[in-house]
Structure formats: structure tokens, C-alpha cells
There are 2 protein chains.
Amino acid sequence: MGERNIGRHTRAKRPPLSRDMVVAAAIALADEAGETGVSMRAIAARLGVQAMSLYNHVSSREDVLDGMVDSVFGEIDLPASTTDWREAMRDRAASVRAALQRHHWAVGLMDSRRRPGPATLRHHDAVLGALRAGGFSVAMAVHAFTVIDSYLYGFVLQELSLPFTGPVEFGEVAEGIARDLPADAYPNLTEVLTEYTRRPDYDYASEFDLGLSMILNALQPDEA
Amino acid sequence: MGERNIGRHTRAKRPPLSRDMVVAAAIALADEAGETGVSMRAIAARLGVQAMSLYNHVSSREDVLDGMVDSVFGEIDLPASTTDWREAMRDRAASVRAALQRHHWAVGLMDSRRRPGPATLRHHDAVLGALRAGGFSVAMAVHAFTVIDSYLYGFVLQELSLPFTGPVEFGEVAEGIARDLPADAYPNLTEVLTEYTRRPDYDYASEFDLGLSMILNALQPDEA
DNA sequence: ACCTGAACACCGTTCAAGT
DNA sequence: ACCTGAACACCGTTCAAGT
């Protein structure tokens with residue numbers, strides 16, 4: 001019982017694993033099954049190998065997560081220092097949001113890694129560079145970076161955790177929640193839900209841009 | 001081998017479990033050991049019971065997490081509708097930040113629950129109520145709520161994930177990172193790190209207030 | 001009504017052994 | 001140099017059985 005795999009070792013001779021291959025398999029797995037789906041055993045299975053083999057290329061599951069996050073940072077377009085800083089920040093924010101939409105599991109992980117990889121460092125350096133080029137002092141650039149990223153990650157965190165994706169779904173979900181709610185206990189919540197059930201035009205993209213513009217307009221480079 | 005526990009059943013007769021007791025034990029565990037420490041088996045052990053007993057009071061581990069999050073929302077002071085809306089929002093934000101500082105594990109969970117509990121609903125209702133009382137239309141109140149919470153949760157997410165708590169530690173950590181960094185590869189990052197190593201006065205609390213004030217000043221109730 | 005023992009299908013990680 | 005089998009100490013959850 002159980003076939004012996006003859007071919008694999010004689011003919012194909014699978015190329016040796018590498019850290020990058022492990023990380024890539026982990027990302028594919030996470031995109032399909034979420035962060036919880038990323039087990040050492042599942043990564044190994046996807047690579048046609050036993051779980052223990054992975055430890056020749058990564059030091060632990062945490063190490064895999066570090067690699068995954070750095071890989072997502074690598075997908076984000078770096079802001080240019082040559083253009084208007086507000087435009088550069090807007091483009092970068094859109095690129096981060098798009099990357100996190102492709103990799104939902106990453107939102108809560110991006111800022112939590114204690115060992116930033118090269119793509120992460122390059123990203124942070126480029127953001128600071130764009131702000132410095134726009135006339136910000138070091139302290140003000142850090143301040144602006146913090147405010148923008150707080151808004152950016154906080155918004156996407158909320159956006160991705162809600163159980164709908166478009167305006168139409170939003171209306172349906174709102175209607176469902178409103179029905180279940182004891183109406184007089186939460187009058188303001190009920191008011192919002194009925195309003196958006198009637199007129200389901202809530203759009204995440206424009207809501208995001210609105211808040212971001214508000215923040216970018218409130219920020220100003222130091223005067224010389 | 002192994003002592004039989006005679007006393008427990010004859011003398012003490014432990015009061016029956018309840019959902020609240022399970023959730024409280026889970027929170028205590030999470031405060032000590034992080035979210036990963038919250039296993040059904042560990043919760044049960046803390047309550048002097050077998051893991052399977054918990055399923056008489058909660059339906060799953062997810063259900064426990066729902067309860068934990070609602071309990072944290074219960075610790076947050078509700079904003080008053082009587083005072084100035086900006087002050088109410090400032091106080092509420094401080095209360096959220098304080099609660100999340102007591103329960104680090106909660107940051108990534110607060111917005112991710114699909115089944116909000118009563119304390120969560122009460123909280124959201126009160127925030128909307130304070131904004132409505134301040135003159136915001138329904139749509140503008142939702143907008144303001146989104147912007148404020150994005151910044152709030154995003155800031156705390158970054159704050160709690162960084163490996164230091166005060167200005168002094170910040171200086172030390174910055175120095176350590178700066179030493180390891182290939183200096184010419186990340187000039188802007190290096191610049192920031194050396195600046196803050198020399199003058200380690202970075203203070204999270206005032207940085208938080210600065211960004212929040214910026215946002216609150218940019219927000220305005222609809223004119224009549 | 002509540003609690004448990006045994007079981008199932010999983011985890012991450014170590015270590016000595018194979019090639 | 002790289003991969004593996006066996007083992008250790010864990011997971012969440014189901015189910016039939018106990019009181």
C-alpha cells in the first residue's frame with residue numbers, strides 16, 4: 001500500500017529549497033487561507049517536502065512572517081522625491097492600500113515586525129526622503145509620517161475587517177444589522193443604518209481620499 | 001500515583017462556570033501572555049476545569065474573543081453629548097488609548113469582530129451621539145468617526161508594536177539600530193536615527209495629541 | 001444541567017539519523 | 001549540504017458517557 005515516488009528523485013531532482021521559495025509559498029498560502037492557514041506543515045506540503053526541511057532555510061515561523069511582510073513592502077511603489085510631496089504621499093498611500101487589498105493578512109503585521117527587512121527599510125527611507133525634499137525638517141517629517149501612516153493603516157484595518165466590499169452589499173448588510181438591533185437602545189446607530197439602507201452610496205475609496213486629503217492639507221513643511 | 005482530589009467535590013463545590021467567568025479568565029491570560037497564550041486548555045486550567053467544559057458556556061474560541069473585545073469596550077468611558085464635541089472626542093480617544101495600553105492584545109481585534117456585543121454597540125452609539133449633538137449631519141458624523149478612529153487605532157497599533165516605551169529607551173534603541181544599518185544605503189533613516197539619538201525627546205503622548213488636534217481642527221460640523 | 005475521558009486531526013520545533 | 005522519521009509538548013473541537 002502507498003506508492004513509492006520513484007520519479008521525483010531519479011528524474012526531476014527538485015531544485016533545492018531557498019528562503020525566498022519558503023516565503024513565496026507562505027504568501028500564496030496566506031492569500032488563499034489567511035494567516036491561520038500558514039503553518040510550517042502546510043508550507044512544506046506545498047513545496048513537496050517535510051516540515052522539518054524548512055528549518056534549513058528559515059529559523060522559525062516568525063522568521064517566515066518577517067519575510068512575508070518584507071515581500072509585501074517590496075510590492076509597494078516608492079514615493080519619488082522629485083514631485084510635489086502631497087502627490088507623492090497620495091500615490092504611496094494608494095499603493096499601500098492596493099498591496100494590502102491583495103494581501104489581507106498583512107494589515108496587522110506590517111508595523112509589528114521587530115526585524116525590518118531591506119524592502120521595509122528602503123520604503124521608510126524613501127518616504128522620509130520625499131518629505132525632506134518637500135521642505136520638512138527631520139522632526140516634522142517624522143511627525144507627518146506618523147500621522148499619515150496612522151490614518152492609512154487604521155483606515156485599511158477597518159475597511160478590510162468589515163463584511164462587505166461595495167456600496168450595494170453595504171446597504172444589504174446595514175439592513176440586516178438594523179433589523180436585529182433593539183431600535184430604541186441605540187438610536188444614533190439605528191439612524192445611521194436606516195440612512196444608509198435608504199441611500200446606499202457609501203464608497204470606501206472616496207471616503208479614504210477625503211480623510212487623506214484633510215490630513216495632507218493640514219500638514220505643512222516648516223518655513224525656512 | 002497521582003492524588004485524588006477529594007476536597008474539591010465534597011467541601012468547596014466550585015460555583016458553576018459562566019460565560020463571563022470564561023471571558024474574564026481569558027482576558028487575564030491575554031494580559032499576561034498575549035493573544036497566543038489564550039488557548040481553551042489554558043483558560044480551563046485557570047478555572048480548575050477541563051477544556052471541554054468551556055463549551056457549555058461559549059460556542060468556540062472565536063466566541064471567547066468576541067466576549068473579550070466587548071469587555072474592553074466596556075472599560076472605555078462613553079463620550080458625553082453635553083460638552084464640546086472636540087473635547088468629548090479627545091477624552092474618548094484618551095480612554096481608548098488607555099484601555100489598549102492595559103490590553104495590548106486587543107488593538108488588532110477591536111475593529112475585526114463580526115458580532116459586536118452590547119458594550120461595543122453602546123460605545124459606537126455614544127460616539128455618533130456626541131457628534132450629532134455637536135451639529136454634524138449623519139453623513140458627516142460617519143465621516144468624522146471614520147477619520148478619528150482610523151488615526152486612533154493606527155497610531156496605537158504602531159505605538160504598541162515598537163520595542164520601547166519611553167524617550168530614554170527610544171534613544172538607546174535608535175542608537176542600536178543606527179549602528180547595524182548600512183549608513184549610505186538609507187540616508188534619511190540614518191539621519192532620523194542619529195538626530196533622535198542625540199536628542200531623545202520623542203514623546204508618544206504629545207505626538208498623539210498633536211496629530212489628533214490636527215484632525216479635530218480640520219473637522220467641522222455642517223453649517224445649518 | 002454541567003462536567004469529563006477519550007479521541008481526532010491538527011500545531012511548532014528538536015534531534016539524531018540518513019544520503 | 002540538505003532532507004527525513006520519530007518524538008515531544010502542544011492546539012480546537014466532537015461525542016458518548018458519567019453525575
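Just so you know, these numbers come straight off a predicted model, no measurement behind them. Quick note on labels: first sequence line is chain A, next is B, and so on, each numbered from 1.
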Report task. Check whether any side-chain nitrogen or oxygen of A:H57 sits under 4.0 Å from OP1 or OP2 of D:dC3, and answer yes or no. Result -> yes
Query raised in the report: How close or far is atom P of C:dA7 from atom CE of B:M52, stated in whole angstroms?
Result: 12 Å
Query raised in the report: Stems in DNA chain C: runs of 3 or more consecutive Watson-Crick or G-U pairs, distances under 3.5 Å?
Result: C:4-8 with D:12-16, C:12-16 with D:4-8
**Report entry** Atom-to-atom span, CG of B:L54 to P of D:dT14 - whole angstrom
**Finding:** 13 Å
Query raised in the report: Expressed in whole Å, how much space separates the C1' atoms belonging to D:dC2 and C:dA16?
Result: 15 Å
Requested in this report: Please work out if B:M40 contacts a base, only the sugar-phosphate, or nothing of the nucleic acid, heavy-atom cut-off 4.0 Å.
Outcome: sugar-phosphate
Query raised in the report: Do any side-chain nitrogens or oxygens of B:S53 fall under 4.0 Å of OP1 or OP2 in C:dT4?
Result: yes
Query raised in the report: To the nearest angstrom, how far is B:L29 atom CG from D:dG12 atom P?
Result: 11 Å
Requested in this report: May I ask you to decide whether B:R97 forms a salt bridge with B:E159, counting only side-chain N to carboxylate O separations under 4.0 Å?
Outcome: yes
Report summary line: From CZ of B:R41 across to C1' of D:dC11 the rounded distance in Å is 6 Å
Query raised in the report: Mapping B:Y55 and A:A51 onto DNA chain D by nearest heavy atom, which one lands closer to the 5' end?
Result: A:A51
Query raised in the report: In whole Å, what is the span from the CD atom of B:Q50 to the P atom of D:dC11?
Result: 13 Å
**Report entry** Rounded distance in Å between the C1' positions of D:dC15 and C:dC3
**Finding:** 14 Å
Query - Pair A:E75, A:H103: side-chain N/O donor-acceptor within cut-off below 3.5 Å - result: yes
Query raised in the report: Are the side chains of B:M68 and B:S71 in touch, meaning some heavy atoms are under 4.5 Å apart?
Result: no
Query raised in the report: CG of A:L17 versus C1' of D:dT4: gap in Å, rounded?
Result: 13 Å
Query raised in the report: With a 4.5 Å limit on heavy-atom distance, are the side chains of B:R92 and B:H123 in contact?
Result: yes
Report task. Identify whether any heavy atom of B:S39 sits under 4.0 Å from a base atom; if not, whether one sits that close to sugar-phosphate; answer base, sugar-phosphate or nothing. Result -> sugar-phosphate
**Report entry** Test: A:D70 and A:R115 ion pair at under 4.0 Å
**Finding:** no
**Report entry** Closest to the B:V49 side chain, choosing from D:dC3, D:dG12, C:dC3
**Finding:** C:dC3
Query raised in the report: If the P atom of C:dA9 is compared with that of D:dA9, how far apart are they to the nearest Å?
Result: 23 Å
Query - Spacing of A:D125 atom CG and B:N188 atom CG [to the nearest 0.5 Å] - result: 4.5 Å
Query raised in the report: Whole Å only: how far is the CE atom of A:M21 from the C1' atom of D:dC3?
Result: 14 Å
**Report entry** Atom-to-atom span, CD of A:E35 to C1' of C:dC11 - whole angstrom
**Finding:** 14 Å
**Report entry** Sub-6.0 Å ring centroid separation between A:Y204 and A:F155
**Finding:** yes
